[in-house]
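Chain identifiers are assigned alphabetically (A, B, ...) following the order of the sequence lines, protein sequences preceding nucleic acid strands; residue numbering begins at 1 within each chain.
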Amino acid sequence: MIQLFARDIRLAVRSGGGFGLALIFFLIVVVLIPLGLSSDQSALALVAPGVLWLGALLACLLSLDRIFGLDYEDGSLDLLATSPLPLEAVYIAKAAAHWLTTGLPLALAAPVLGVLLNLSFDAGKVMCFSLLLGTPALSLIGAFGATLTLGVKRGGLLLSLLVLPLYVPTLIFGARAVHSASLGQPFDVPLIMVLAISLGAVAILPFASGAALRINLR
Amino acid sequence: MIQLFARDIRLAVRSGGGFGLALIFFLIVVVLIPLGLSSDQSALALVAPGVLWLGALLACLLSLDRIFGLDYEDGSLDLLATSPLPLEAVYIAKAAAHWLTTGLPLALAAPVLGVLLNLSFDAGKVMCFSLLLGTPALSLIGAFGATLTLGVKRGGLLLSLLVLPLYVPTLIFGARAVHSASLGQPFDVPLIMVLAISLGAVAILPFASGAALRINLR
Amino acid sequence: MMPDLGEYAVEVTVAYGVSLLALALVCFLYIRRSRSVKRALTDAEARKDA
Amino acid sequence: MLQVSNLSVARGGKILLHDVSFSVEPGQALVLRGANGIGKTSLLRCIAGLQTPTSGKILVPETVAYAAHANGLKGQLSVFENLKFWADIYGGPRPDVALNSYSLENFAYQPAANLSAGQQRRLGLARMLVTGCRLWVLDEPTVSLDVQNVALFYKVLKAHLQGGGAAVLATHIDFQLSAESLDLTSYIASLNMSSSAFEEALE
Amino acid sequence: MLQVSNLSVARGGKILLHDVSFSVEPGQALVLRGANGIGKTSLLRCIAGLQTPTSGKILVPETVAYAAHANGLKGQLSVFENLKFWADIYGGPRPDVALNSYSLENFAYQPAANLSAGQQRRLGLARMLVTGCRLWVLDEPTVSLDVQNVALFYKVLKAHLQGGGAAVLATHIDFQLSAESLDLTSYIASLNMSSSAFEEALE
Amino acid sequence: MNSTSKSKHLWNLFWKLANPKVFMGWSGRWLPWLSWLTVLLLGSGLIWGFFFTPDDIRQGSTVKIIYLHVPAALMAINGYLLMFIGSLMWLIRRQHVSVLAAKAAAPVGMTMTLIALATGAIWGQPMWGTYWVWDPRLTSFLIMFLFYAGYIALWAAIDDDDTAADLTSVLALVGSVFALLSRYAVLFWNQGLHQGTTVSLTDGTKQENISNVFFLPLLLAMVGFGLLFLTLLLIGTRTELRMRRLKVLEVRERMQ
Ligand code: HEM
Ligand SMILES: Nc1ncnc2c1ncn2[C@@H]1O[C@H](COP(=O)(O)OP(=O)(O)OP(=O)(O)O)[C@@H](O)[C@H]1O
Ligand SMILES: Nc1ncnc2c1ncn2[C@@H]1O[C@H](COP(=O)(O)OP(=O)(O)OP(=O)(O)O)[C@@H](O)[C@H]1O
Ligand SMILES: [Mg+2]
Ligand SMILES: [Mg+2]
């Protein structure tokens, strides 16, 4: 499992899809959204938490189909399935590698990007914290969606369609936590909910994904 | 060329990535944005033009790597390159198929989705019009980006990174046209700019893409 | 015949129109597909038995 | 080591092979033969545990090493890294011996994407050696190999058998190793067998 | 029909083959031979126009039909649709003859993804027939084919040659058709040849 | 027959229907009756509602929209529930009829969702002054629409029938968990404008704040929508079953 995790990280780094890419995409989205908006500055701080969370979510989305797709196409997923590693462990290793290469860098970069959107430093800290708690759920849910659409070649759009509705609760609670923090209100309840979703995802999704993988390889 | 266009459309429909998918993705983004924002309704109309354009852009983005990636991987791009069809024609056929399956449905659906974001019906019409003029540019630029990242397996993130900056002018003018319309101001200049970008893309990008394809296949 | 719908006549009729249209459409699609599949199946069974 | 009894194999809802039985003892290799599309790959996938047979039983060791039509290589990883990864996953021996057996030493630090078709195939076969598994399941192992490398493959396979291993393989070429062969033609399922009672029930 | 003179072929910045010359006349087939990794695929790609040789000249008809290691099929399209597409692109004959020659009629309306490895290969070869091209460039055409289908391939190839066509092919198997063969071993480039003047200039 | 043995009888019938042959026979027998009953009840409910009910004091004639809006909303939720149950039964007992029923239910459910959304939006303009507000109930309906769309799209995207059945079922299960979660998240996110629940179906009697003149046609319309749903469900499931059989025959034909 550790080896698979290490291999996936190495592959991500080698093919230039490592830590930087998601970050830069995140940056671009964060820059583009105000451009698309009217030039009203006061509205910016108001929309900042949502925009940052949405940016993180979309950056996550774009790399989801790599998680299993590559291995499925070149046949190594078949080989992994015949190896002593259970498919649940494969799922966890891959979701963890995905999180490390996208979720974590995003969470660490968010406070800095928050500054671009007039977010206060304190709210930025909460942003970082909420992303740290929430991005594991994003990776886990996303990897689950990826197991469902394995057989669909380059089903990026279908994958997003399946995954985005599942992202709704995480997004709502995460953005709400930051929003409350930026207004100086208590933000512990939404933050705990985000954590709960992540924990719930860790508890349930490996089994669902293992089953889906097995079905797809059949 | 017509055959290639027809084949691509047929493939898109067969693999369930036909006309509906981009549309629903578009809908999801439109739903997610208010969810991510605070529950403040008044900010919504303000951000609507930008959000709709951004949603269209992302829906486009997510299907870009299918344009050439699938053909590259299964070897049919090699075969197309040895066929009598020039690679420029391949590019045009594929970009056109992409536009028909994503850009066009998005443009037609935008006024309806605008309602969800408190956009007036008149502004919705301009939205539709600006997308009709702008999405060809999105497909052409995106397909060009796809030729550049051919060799990168599932390089969705890298592709978006290359393409997003190129999308910025279209996005700005498109969103500006709708924004002006929603304020009752004249919107012909930005609309003409969008059209100009599309025409420019048709004129220049086939050659650039043909060259990029040739380099990648070498 | 038509009841007096007052100032909201448009809304109410549009609501009924849209809904009945949607229902009719889904019924039509289900019945049409049912018919075509049924016919294809009887043909196939006949060919098999022949 | 491997015991297959009364196996029925289906693919895409259609039964292909019916009532196949055979067994392979340590030190033995079994060559599966049959025309294209007869169901060799499907049968091997059943043995590898990637597919469930519609009926019958398969007795296999807990882990088997399976080499499919595709090699399952990572182009961005070097030849050595590819092998090392599988060695780690299976807890098998280090890759050096495997590299040497297929004379891939010179390519050890090249990315696998830069190999030619035959070299990639050799790497795919070398993977078998690092799994440490005793039962090998090989689907057309010699595809794209030149004469010398086919000989190399025979040598490796012989050593594996002599060490108490066993192998099932599907191939279309003349197999020049003393091995039993099983022609699947006699097991072709008749057309009106359907894989699910459900589909029959509607008549 | 095909004339290759003093060709040097490089791959990944390394010259593989040096000073290769041969020619193929209508009615002839040429079999390229050589160990794995010698550069057969690279040479064929040069002939097909997918790669530029580092030096030397190639004279070919305007369009050639190329069959690579990969078949280039669309799994979601039916066998017939796959062939029809290529027929349209090349303006070649209708797919029926091609289907019959490789006895694929029964699969005509199945999605290509549902074919076995050998069946897919046959479809890849049938594509040659719908291109209407006179020069065929084939990279290991018989991979995964069983004996009968190899015979089918010979038959098709013979008919093509008798009709005034020509073919260049790379293969590792014993080729049972009367055809000239060219062993590439004698053309292996020595190591200190570099593929670009730029790299030379740095010494 | 006393009530326990009657319910036992129904229970047995329910499980027997999982056999495709029994299902085809049973549904074929009841379908004509069901269709006519649907036309009758739905027609009379809607006609009653549209032509023969008084206007509300505050809402004017727009109250007539309720006869479409509420039944459609109800059926949208029931459709989702049915999809969930069908998927679950397939995963546990691998009965094709149940998963095919789930497959057939989805497009109807999605249409119902769409009708609820459309009538609600049209109603919103006169009542709230806007077609759309991000009210929790409205939002969760929109999200439910997305779940339907995802489920249908996944069915469409996978070629092999049994694989598609398995994967869509897994999606339906996991999706339901997240749908519930979304509902709570949305409630947390925003307090809304929408009407609270006033019609309770559990006891089937009228509640205080809705009067008889509105309630009876509404009840009729709700039953009508339910029957329509059932009719389409049966038609759809029968089609899917026949489709499976047809595919087998076609494969066989090609092989000969
Ligand atoms: C697009 C917007 C709307 C959606 C998605 C929607 C959704 C729903 C749903 C799901 C129900 C069933 C709830 C239940 O049975 O507990 C319902 C009931 C109802 N809705 Fe809406 N609604 C929308 C707009 C409106 C508007 C604008 C009005 C009128 C002002 C309205 C009035 C009602 C009423 C009166 C009920 C019946 C409540 C009851 O008695 O149970 N809705 N709606
Ligand atoms: N993308 C690449 N980058 C660098 N080197 C490569 C690349 N592809 C192939 N090579 C090298 O070029 C050489 C020739 O490869 P080529 O595919 O032409 O061989 P081949 O004769 O077709 O072999 P085979 O019989 O195995 O198919 C090989 O030694 C290989 O290592
Ligand atoms: N995904 C699929 N769906 C439906 N049918 C399939 C699928 N894959 C293969 N088949 C069919 O199953 C049969 C057996 O395929 P299989 O790959 O097992 O054959 P094989 O004996 O390995 O042939 P080959 O020698 O060509 O590799 C073939 O007739 C093929 O048409
Ligand atoms: Mg096979
Ligand atoms: Mg080669």
Side-chain angles (χ1 to χ4, degrees), chain C, chain F residues 31 35 38 42 46 49-55 59-69 71-72 104 107-108 110-112 114-116 118-127 225 228-229 231-250 252-253 256:
Chain C
M1 183 65 218
M2 196 67 186
D4 177 23
L5 295 173
E7 55 177 318
Y8 302 124
V10 179
E11 278 87 357
V12 177
T13 36
V14 167
Y16 271 79
V18 167
S19 307
L20 293 180
L21 199 73
L23 288 181
L25 194 70
V26 75
C27 290
F28 170 72
L29 289 177
Y30 267 59
I31 292 171
R32 193 186 62 172
R33 181 145 182 278
S34 164
R35 290 230 171 106
S36 71
V37 169
K38 190 175 179 182
R39 194 175 322 118
L41 183 62
T42 39
D43 287 356
E45 298 276 12
R47 257 175 290 145
K48 191 197 72 172
D49 295 334
Chain F
L31 203 49
S35 313
T38 304
L42 188 62
L46 287 184
F50 187 77
F51 292 101
F52 306 112
T53 52
D55 291 355
Q59 308 190 10
S61 63
T62 58
V63 75
K64 293 184 193 296
I65 296 178
I66 206 173
Y67 308 112
L68 293 165
H69 179 75
V108 190
M110 195 161 89
T111 312
M112 294 295 180
L114 218 52
I115 292 176
T119 51
I122 295 166
W123 203 349
Q125 181 62 20
M127 287 304 105
F225 265 74
L228 177 66
F229 191 98
T231 311
L232 289 177
L233 180 70
L234 289 186
I235 294 177
T237 312
R238 286 166 65 83
T239 307
E240 297 296 340
L241 279 167
R242 287 199 177 112
M243 197 67 208
R244 290 294 294 261
R245 172 81 186 141
L246 183 61
K247 275 189 188 169
V248 175
L249 289 184
E250 276 177 350
R252 233 182 259 170
E253 223 169 300
Q256 271 156 11

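Here the CZ atom belonging to F/Arg242 is positioned 8.5 Å from the OG1 atom belonging to C/Thr42, to the nearest 0.5 angstrom. Taken to the nearest 0.5 Å, the CD atom of C/Glu45 stands 4.5 Å off from the CZ atom of F/Arg245. From F/Leu234, atom CG reaches atom OG of C/Ser34 across 11.0 Å, with rounding to the nearest 0.5 Å. Put simply, OG on C/Ser19 and NE2 on F/His69 are 10.5 Å apart, with the number rounded to the nearest 0.5 Å.
Of all the listed residues (F/Leu68, F/Leu46, F/Val108, F/Ile235), the one sharing the greatest number of non-hydrogen pairs under 4.5 Å with chain C is F/Leu68. Interface check for chain F: of the options C/Val37, C/Ile31, C/Leu41, the most heavy-atom pairs under 4.5 Å are formed by C/Leu41. Here F/Pro107 is the residue among F/Gly236, F/Ala72, F/Pro107 with the most heavy-atom pairs under 4.5 Å with chain C.
The two residues F/Ile122 and C/Glu11 have their closest heavy-atom pair at CG2-O, 3.4 Å. Minimum interatomic distance between C/Ala44 and F/Leu246 (heavy atoms only, all atoms of both residues): CB-CD1, 3.8 Å. Nearest heavy-atom pair across F/Phe50 and C/Val12 is CE1-CG1, 3.8 Å.
A 4.5 Å side-chain heavy-atom check between C/Leu23 and F/Phe225 finds at least one atom pair inside the cut-off. At least one side-chain heavy atom of F/Leu228 sits under 4.5 Å from a side-chain heavy atom of C/Cys27.
For C/Leu21, no part lies near chain F; criterion is any non-hydrogen pair under 4.5 Å. For C/Val18, the part lying under 4.5 angstrom from a heavy atom of chain F is the side chain only. Proximity to chain C (any heavy atom under 4.5 Å) is shown, for F/Leu114, by neither the backbone nor the side chain. Contacts of F/Met110 with chain C are absent, with no heavy-atom separation under 4.5 Å from either backbone or side chain.
Contacts of F/Thr111 classified as side-chain hydrogen bond (donor to acceptor under 3.5 Å, both in side chains), with partners at least two apart in sequence or in another chain: none. Scored by the salt bridge (Lys or Arg N to Asp or Glu O under 4.0 Å) test, C/Arg47 finds F/Glu253 as partners (sequence neighbours excluded).
Under a 3.5 Å cut-off, the side chain of C/Tyr30 and the backbone N or O of F/Ala104 do form a donor-acceptor pair.
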